[in-house]
Colleague: 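Here's a structure for you.
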Amino acid sequence: MMTIAYQVAEKMHWWTVQENVFFLTSMGATIYCLHIVITIFVFYLTYPGFILYIMVNIILDLIHGYVIVPFLAKIGLYNLYEISHFGLFLVMTTVAIILYLFQRLLDFIFEENHA
């Protein structure tokens, strides 16, 4: 999901990443290490409770949008252009909701197959 989000962001000129993963454009290395680890950790601690899951994601997405991104911009690794910090927060929260719904769908499919 984040690969798609970053590629859409590149086309829409939402942000740029100065240090890319070597085989992708506008794709920072944090997406394939830190973001995945945090996503798995949040799922492990909060799933299947949607309210807790979304509350934790909202807090983390706010930290990402208003603390981490400005820090990465300050050190020259990341720049927002045609999207605000709040817009970035909305993108990240939307991705979190899609991931949750996808996991619920997988659970439903696996439960049906084992019944």
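For the numbers below, each heavy atom of this structure counts, side chains included, while hydrogens, waters and symmetry mates do not.
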Colleague: According to side chain to side chain donor-acceptor pair (under 3.5 Å), who are the partners of Tyr47, at least two apart in sequence or on a separate chain?
Modeller: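 For Tyr47, the residues satisfying side chain to side chain donor-acceptor pair (under 3.5 Å) (neighbours in sequence not counted) are Asp107.
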Colleague: Once side-chain contact (heavy atoms from CB on, under 4.5 Å) is applied, do any residues pair with Ile51, and if so which ones, sequence neighbours excluded?
Modeller: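 Ile51 satisfies side-chain contact (heavy atoms from CB on, under 4.5 Å) with Met55 once adjacent residues are dropped.
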Colleague: For Thr46, which residues count as a side-chain contact (heavy atoms from CB on, under 4.5 Å) partner, sequence neighbours excluded?
Modeller: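 By the side-chain contact (heavy atoms from CB on, under 4.5 Å) rule, Thr46 matches Val42, Leu52, Tyr53, Val56.
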Colleague: Check which hydrophobic residues are tied to Phe41 through side-chain heavy-atom contacts below 4.5 Å, counting indirect links as well, and list them.
Modeller: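 Cluster partners of Phe41: Tyr44, Leu45.
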Colleague: Should side-chain heavy atoms under 4.5 Å link Ile, Leu, Val, Met, Phe, Trp and Tyr, which residues sit in the same cluster as Phe108?
Modeller: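 Via sub-4.5 Å side-chain contacts, Phe108 links to none.
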Colleague: How long is the gap from OG1 on Thr94 to CG on Asn57, to the nearest 0.5 Å?
Modeller: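 So the OG1 of Thr94 and the CG of Asn57 are separated by 11.0 Å.
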Colleague: I'd like to check the ring pair (Phe, Tyr, Trp, His ring centres under 6.0 Å) partners of His13; sequence neighbours left out, ordered by chain and number.
Modeller: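 Expected list: none.
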Colleague: To the nearest 0.5 angstrom, please state how far the NE2 atom of His64 sits from the CD1 atom of Ile59.
Modeller: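 One gets 16.0 Å once the value is rounded to the nearest 0.5 Å.
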Colleague: Once rounded to the nearest 0.5 Å, what's the spacing between atom CZ of Phe50 and atom CG of Leu101?
Modeller: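 Here the interatomic distance stands at 7.0 Å.
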Colleague: Return all side-chain donor-acceptor pairs below 3.5 angstrom for residues 80-91, not counting sequence neighbours, or 'none' if the list is empty.
Modeller:
| unit_1 | atom_1 | unit_2 | atom_2 | d |
| --- | --- | --- | --- | --- |
| Ser84 | OG | Phe86 | N | 3.4 |
| Ser84 | OG | Gly87 | N | 2.9 |
| His85 | ND1 | Gly65 | O | 2.6 |

Colleague: Mind checking what makes side-chain contact (heavy atoms from CB on, under 4.5 Å) contact with Val67, not counting sequence neighbours?
Modeller: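 Val67 satisfies side-chain contact (heavy atoms from CB on, under 4.5 Å) with Ile63 only.
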Colleague: Using the test side-chain contact (heavy atoms from CB on, under 4.5 Å), find all partners of Ile109 that sit at least two apart in sequence or belong to another chain.
Modeller: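 Here the qualifying residues are Leu105, Asn113.
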Colleague: What pairs with Asp61 under side chain to side chain donor-acceptor pair (under 3.5 Å), at least two apart in sequence or on another chain?
Modeller: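 Checked Asp61 against side chain to side chain donor-acceptor pair (under 3.5 Å); matches are Thr93.
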